[in-house]
Structure formats: C-alpha cells, structure tokens
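Here is the structure we will look at.
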Amino acid sequence: VCRAEKTAAFNMTVLSQLLGTPLQPDLSGHVLMLEEVAEADVILHVRDAAHPDTAAQRADVVAVLEDMVADGALDADWPSRTIEVLNKADLMGGVAFVPERPGAVAASSVTGEGLPALKAAIDLRIAAGMELADYDLPMQDGARLAWLYQHGEVVDRHDDDAAVHVTVRLLPADRARFERQTTTVD
C-alpha cells in the first residue's frame with residue numbers, strides 16, 4: 001500500500017536542553033527544523049522513557065513548542081498532531097513496564113517491541129485527516145493512476161474493460177488538486 005507523502009518532525013529534547021546554556025547552538029541553522037515541525041502532519045516526540053529526567057525533558061520540549069505557538073510559528077492545535085514515543089522500553093524491562101501515558105506509545109528501537117503499535121498510531125493519525133474518494137480512470141491513463149498511488153492510499157482497485165475503478169484516501173488539498181485535473185469523478 002502506498003502512503004501519501006507526509007512530513008514527520010521528531011523530538012527537540014536535545015535542543016531544548018541546550019537552550020540558555022553555553023552549549024546553545026546557533027538557532028539560525030535550525031530554522032528549517034522548526035518550520036518542519038510547524039508543517040508536519042504528524043509530530044513524533046521521541047524521548048528516552050528510561051532517563052531519570054524524562055518528565056523534565058518532556059516539559060522542555062513542550063515549552064519550546066508553546067513558544068513557537070506564542071511566536072506564531074506553530075498552530076495551537078499541535079498536540080492533536082503529536083504522538084509521544086516513549087523509547088528505550090528495553091531498558092525498563094519491556095513495553096509493559098513503561099508507565100502508561102494517554103496518547104503515548106512505548107517502544108524500543110533496539111528490540112523492535114512496540115514498533116507495530118507506533119506504526120498503527122501513525123497510520124491512524126494520518127488517515128484521520130484524509131478523505132475517501134472513488135474515481136473511474138480510463139485504462140490508458142497511467143499517469144493519473146500513478147499520481148493517486150504517489151499522493152494517496154489506494155484502498156481498493158478494480159479493473160474492467162472500461163476503466164480502472166479506484167477508491168483512494170487523500171488529504172483534502174490533494175483531492176482538490178487531483179479533481180481540478182480530472183473530469184470523471186464518482
């Protein structure tokens with residue numbers, strides 16, 4: 001299954017720990033990273049669940065994101081696009097031993113435990129903003145069919161002598177863009 005192209009922004013724990021210290025980097029080189037967070041469809045806040053200061057690290061990252069909201073660089077709804085990934089579950093005895101947190105997914109990048117649950121959470125978050133659409137494309141229109149596979153998630157396809165019939169999940173902007181280019185829409 002092809003997935004729509006998405007942007008994922010990852011944690012800023014290290015950056016937030018360096019702010020206000022002599023080790024603070026020149027942030028002008030990191031503007032793109034912060035812009036990517038603002039434009040991300042899904043924000044993965046990955047943090048070390050086994051670290052003794054994990055709660056403080058979370059608070060630091062949240063503070064950076066809230067500062068971005070105050071500066072107008074990030075929408076206030078960013079938490080609805082965020083999945084907190086409690087990594088290094090292997091150091092705590094496994095996913096079952098990581099304290100539960102609403103909306104968070106415990107995982108271990110070393111053992112792979114919890115990664116299927118993380119993938120499912122990402123898929124669910126991405127799909128939440130998408131719409132289902134049905135299209136009948138002429139058999140010879142491979143370019144538009146390829147575009148649908150590249151920009152959406154084709155969930156059903158049936159070919160017959162007359163056309164290729166597809167049901168595809170698309171972001172609203174991609175659906176509008178595709179429909180501006182086509183005249184046959186179911």
Side-chain angles (χ1 to χ4, degrees), residues 1-130 150-153 169-174:
V1 175
C2 290
R3 299 274 179 232
E5 292 181 2
K6 298 287 173 198
T7 305
F10 292 85
N11 86 24
M12 296 181 293
T13 301
V14 173
L15 176 62
S16 67
Q17 291 175 340
L18 297 177
L19 293 177
T21 73
L23 300 175
Q24 178 174 332
D26 174 10
L27 295 180
S28 62
H30 296 280
V31 171
L32 270 180
M33 178 186 72
L34 298 177
E35 287 174 359
E36 288 174 0
V37 170
E39 295 172 4
D41 296 300
V42 177
I43 301 169
L44 297 178
H45 175 191
V46 182
R47 64 187 176 96
D48 180 350
H51 194 282
D53 290 327
T54 190
Q57 291 174 346
R58 179 186 185 281
D60 289 343
V61 171
V62 169
V64 169
L65 294 171
E66 288 299 330
D67 285 347
M68 290 176 66
V69 171
D71 293 341
L74 182 64
D75 61 286
D77 194 37
W78 67 266
S80 70
R81 300 183 284 125
T82 302
I83 299 171
E84 191 171 355
V85 182
L86 305 175
N87 194 25
K88 298 192 180 181
D90 55 295
L91 298 179
M92 301 176 76
V95 168
F97 295 96
V98 176
E100 289 188 29
R101 179 171 180 76
V105 177
S108 168
S109 59
V110 172
T111 67
E113 184 183 14
L115 294 182
L118 176 59
K119 181 185 178 306
I122 293 168
D123 285 346
L124 185 64
R125 190 66 50 96
I126 290 171
M130 300 178 97
Q150 182 179 9
H151 292 89
E153 178 184 355
R169 189 174 286 130
L170 292 163
L171 289 170
D174 286 335

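From a predicted model like this one, the values you see are computed outputs, not experimental measurements.
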message: Is there a side-chain contact between Asp67 and Val64 in this structure, where contact means two heavy atoms from C-beta onward sitting under 4.5 Å apart?
response: no
Check whether any side-chain N or O of [X] sits under 3.5 Å from a backbone N or O of [Y] as a donor-acceptor pair, and report yes or no.
| X | Y | answer |
| --- | --- | --- |
| Asp48 | His51 | yes |
| Glu113 | Val95 | yes |
| Asn87 | Ser109 | yes |

Please name the pair of heavy atoms, one in [X] and one in [Y], separated by the smallest distance, quoted to 0.1 Å.
| X | Y | answer |
| --- | --- | --- |
| Ser108 | Asp90 | OG-OD1, 2.7 Å |
| Pro79 | Ala76 | CD-O, 3.4 Å |
| Leu170 | Gly152 | CD2-CA, 3.6 Å |
| Pro99 | Leu86 | O-CD1, 3.9 Å |

task: Apply side-chain contact (heavy atoms from CB on, under 4.5 Å) to the pair Val42 and Arg81, showing each step before the final yes or no.
output: CA-CA 5 Å; Val42 177; Arg81 300 183 284 125; 5.8 Å; no
query: Knowing that exactly one of Leu44, Ile43, Ile83 qualifies, which makes a side-chain contact (heavy atoms from CB on, under 4.5 Å) with Arg125?
result: Ile83
- request: Tell me, with the steps shown, if His45 and Arg58 meet side-chain contact (heavy atoms from CB on, under 4.5 Å).
  value: CA-CA 9 Å; His45 175 191; Arg58 179 186 185 281; 4.0 Å; yes
Met68 side, atom CE; Asp75 side, atom CG - distance, nearest 0.5 Å: 9.5 Å
Rounded distance (nearest 0.5 Å) linking atom CE of Met130 with atom CZ of Arg169: 7.0 Å
- request: Walk me through it: do Val69 and Glu66 pass the test side-chain contact (heavy atoms from CB on, under 4.5 Å)?
  value: CA-CA 5 Å; Val69 171; Glu66 288 299 330; 4.2 Å; yes
message: Using the rule given for side-chain contact (heavy atoms from CB on, under 4.5 Å), can you reason through Leu65 versus Val62, listing the C-alpha separation, both sets of side-chain angles and the distance that settles it, and then say yes or no?
response: CA-CA 5 Å; Leu65 294 171; Val62 169; 5.5 Å; no
